[in-house]
Amino acid sequence: MAKIINVIKGTKDILPQDIDTWQFMEQQALEVFNRYGYKEIRTPIIEATELFARGVGDTTDIVNKEMYTFEKSEKSITLRPENTAGVVRSFIENGMTRQTFPVKLWYKGPMFRYERPQAGRQRQFHQVGCEMFGIKEPSADAEVILTAASYLKSLGLDNLTVEVNSLGCPTCREKYKQRIKEVLKPEFENLCEDCQARYEKNPLRLLDCKVESCQKIFEKPEIKSVIYSDFICEDCAEHYSKVKEYLKQAGVVYSENKLLVRGLDYYNRTVFEIKSNNLGSQNAVCGGGRYDSLVENLGGESVPAIGWAMGMERLFSLIQKNPSPKLDGFVVSNYTPYALMLTQELRSKGLCVEFDMQNKKFTKQLEKAAKLAKYAIILGEDEIKNNTVSIKNLETSTQINVKREDVLKTIKG
RNA sequence: GCGGGUGUCGUCAAGUGGUUAAGACCUCGGAUUGUGGUUCCGAUAUACAUGGGUUCGAAUCCCAUCAUCCGCCCCA
């Protein structure tokens, strides 16, 4: 035999036995987001590398070491590692700035990141996400989080933890960074290697380091007081408290996590995550936040925006799975042409029906019917002669003879 | 990029140096020549990740490679 070819590391087939659940996720997305006023947008899977360098940020891990990038006709092209940058690009390029605000867009599709695969992490994975443009008021933040919560609820996922935080605006965040750097300066030598690098590149990300020795340093009172201080400016603080107020009024249970720092550079003010306890170490189902300067950074006008993305594989592993439904009927007959005709007739009426194309023995066909279908539709010599069929309920073993045109009525009630 | 675990039929899984490598599920056939799901019998002609090594002898011990899973990191 020839050598078999395997899937690429970190990628997976979505197999027929799982497709019902995937289609369910997609169907719920369509319905819920439509209700919330979102329109689907489909952007290319490949984009100019520069889009991600400028959009996601070149200090992020995603851009630094996780992108699938290749050259074609002297252009640098990258498989999208996330879709916010692509949506923003399209928003600008297609003049959506001139549409009535808010502009609400949702997407779903594969993303690519060159990372070491593990539980809840693949190199090709799927995200579903929402982006809302044009509203700077905190009501937008609350609505966007509500949209996420509604979608999760529609999937039967209720008991998830919503965490929120505010990163402030570029001005107050910069001050905060400086204060963190100052207070940690004496301890610099004691920080782990990663943290030393973060100290320069993005001090905000020092905070969620899990190395014990670093955590001990962060626990020191004088340092802790800086880390946990309310650094955000008055405007940001007011925005943040409004968001929380709205969430409370909408009945969203959330907790504040001051260490919730997103690894993407474009976020400002509100950031949030929705987590599960049943996912192992990759426990975030949803991550998002406000990105008021991204549109401008990518060459558009200054348009505020906010959005989130969910990992569909992670959702998949949390969703209650239902067994695939059985066929409505299986035509059992040793008269193949008649069986074919009856099958076609029933299908045209909307039933899911199969027949035995191999014309096996009657018992074999019935056995197959019992395995695959709710009803056996028996078509023998007598039935053909009288223009009837015998319908056997394969669960209750009751069998009745009905007129051919009454099959639909009998099966569907 | 760094750690740790694991690789035996399509799937699950026994077997820890010694004749033809259990078993179960799935699939297919038969018992049952127009009535299934239970039961019984049988079949799938060479499944020990790959390549080396140790040994009289390796699925079993050692090394390497590959794959996969888990953790760090980061994120969805």
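So that the names make sense, note that chain A is the first sequence line, chain B the second, and so on, each numbered from 1.
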Asker: Return the OG1 to CD1 distance between A/Thr343 and A/Ile377, rounded to the nearest 0.5 Å.
Answerer: 7.5 Å

Asker: Any base atoms under 4.0 Å from A/Leu264, or only sugar-phosphate, or nothing? Heavy atoms, all strands.
Answerer: sugar-phosphate

Asker: May I ask you to verify whether the side chain of A/Glu66 and the base of B/C74 hold a donor-acceptor pair under 3.5 Å?
Answerer: no

Asker: Which whole-number value in Å describes the distance from A/Tyr114 OH to B/A76 P?
Answerer: 20 Å

Asker: Quote, to the nearest angstrom, the P distance that separates B/G1 from B/G18.
Answerer: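 Roughly 40 Å separates the two P atoms.
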
Asker: If we ignore hydrogens and angles and just use 3.5 Å, is the side chain of A/Asn386 paired with the main-chain N or O of A/Thr388 as donor and acceptor?
Answerer: no

Asker: Tell me whether the side-chain N or O atoms of A/Gln399 pair up with the base of B/U35 as donor and acceptor below 3.5 Å, since no angle test is needed here.
Answerer: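 Pair found.
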
Asker: With a non-hydrogen cut-off below 4.0 angstrom, is A/Gly380 in contact with a base, only sugar-phosphate, or nothing?
Answerer: base

Asker: Write down the distance between CZ (A/Phe362) and P (B/G36), rounded to a whole number of angstrom.
Answerer: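 Between P of B/G36 and CZ of A/Phe362: 9 Å.
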
Asker: Are any of the side-chain nitrogens in A/Glu50 or A/Lys75 under 4.0 Å away from the carboxylate oxygens of its partner?
Answerer: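 Looking at A/Glu50 and A/Lys75, the cut-off is not met.
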
Asker: Measure CD/A/Gln358 against C1'/B/G29 and give the value in whole Å, please.
Answerer: 13 Å

Asker: At 4.0 Å (heavy atoms only), tell me whether A/Glu82 reaches a base, stays on the sugar-phosphate, or touches nothing.
Answerer: nothing

Asker: Can you tell me how far C1' in B/G3 sits from the matching atom in B/G23, rounded to whole Å?
Answerer: 37 Å

Asker: Roughly, in whole Å, what's the span from CD in A/Glu367 to C1' in B/U38?
Answerer: 12 Å

Asker: What integer number of Å spans the P atoms of B/C72 and B/G29?
Answerer: 50 Å

Asker: Look at the side chain of A/Lys371 against the base of B/G36 and say whether a donor-acceptor pair falls under 3.5 Å; ignore hydrogens and angles.
Answerer: no

Asker: If you measure from the P atom in B/A58 to the same atom in B/U68, how many Å do you get, rounded?
Answerer: 30 Å

Asker: Taking any heavy-atom pair under 4.0 Å as a contact, classify A/Gly120: base, sugar-phosphate, or nothing.
Answerer: base

Asker: Starting at the 5' end of RNA chain B, which residue's closest nucleotide do you reach first, A/Glu313 or A/Lys65?
Answerer: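 Nearest nucleotide further toward 5': that of A/Lys65.
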
Asker: State whether the distance check finds a donor on one side and an acceptor on the other, under 3.5 Å, for side chain A/Arg121 versus base B/C73.
Answerer: yes

Asker: Considering only the P atoms, how many Å lie between B/U60 and B/U6, rounded to the nearest integer?
Answerer: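 To the nearest whole Å, 14 Å.
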
Asker: When all nucleic acid strands are considered with a 4.0 Å heavy-atom cut-off, which category describes A/Ala119: base, sugar-phosphate, or nothing?
Answerer: sugar-phosphate

Asker: Could you state the NZ-C1' distance from A/Lys361 to B/U32, rounded to the nearest angstrom?
Answerer: 9 Å

Asker: To the nearest Å, how far apart are A/Ile62 CD1 and B/C74 P?
Answerer: 12 Å

Asker: Regarding A/Glu222 and A/Lys220, does a basic nitrogen lie under 4.0 Å from an acidic carboxylate oxygen?
Answerer: no

Asker: Expressed as a whole number of angstroms, how long is the span from A/Asn334:CG to B/G36:P?
Answerer: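 Atom-to-atom, A/Asn334 to B/G36, this comes out as 14 Å.
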
Asker: Using purine N1 to pyrimidine N3 plus N6-O4 or O6-N4 for Watson-Crick, or N1-O2 and O6-N3 for G-U wobble, each under 3.5 Å, what pairs with B/A13?
Answerer: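 Because no pair has both required distances under 3.5 Å, B/A13 counts as unpaired.
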
Asker: Are any of the side-chain nitrogens in A/Glu40 or A/Lys108 under 4.0 Å away from the carboxylate oxygens of its partner?
Answerer: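 Salt bridge between A/Glu40 and A/Lys108, a charged N being under 4.0 Å from a carboxylate O: yes.
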
Asker: In whole angstrom, give me the gap between the C1' atoms of B/A21 and B/G34.
Answerer: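 After rounding to an integer number of Å, I get 44 Å for this pair.
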
Asker: Considering every strand shown, what is the Watson-Crick or G-U wobble mate of B/C48 when both distances are under 3.5 Å?
Answerer: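 For B/C48, the partner nucleotide comes out as none, under the 3.5 Å rule.
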
Asker: What integer distance in Å separates A/Asn278:CG from B/A76:P?
Answerer: 20 Å

Asker: Identify which one of A/Trp308, A/Tyr38, A/Phe33 satisfies the ring pair (Phe, Tyr, Trp, His ring centres under 6.0 Å) criterion when paired with A/Trp106.
Answerer: A/Phe33

Asker: Keeping A/Arg121 on the side-chain end and A/Arg116 on the backbone end, is there a donor-acceptor pair under 3.5 Å?
Answerer: yes

Asker: Please classify the nucleic acid contact of A/Lys108 as base, sugar-phosphate, or nothing, using heavy-atom distances under 4.0 Å.
Answerer: nothing

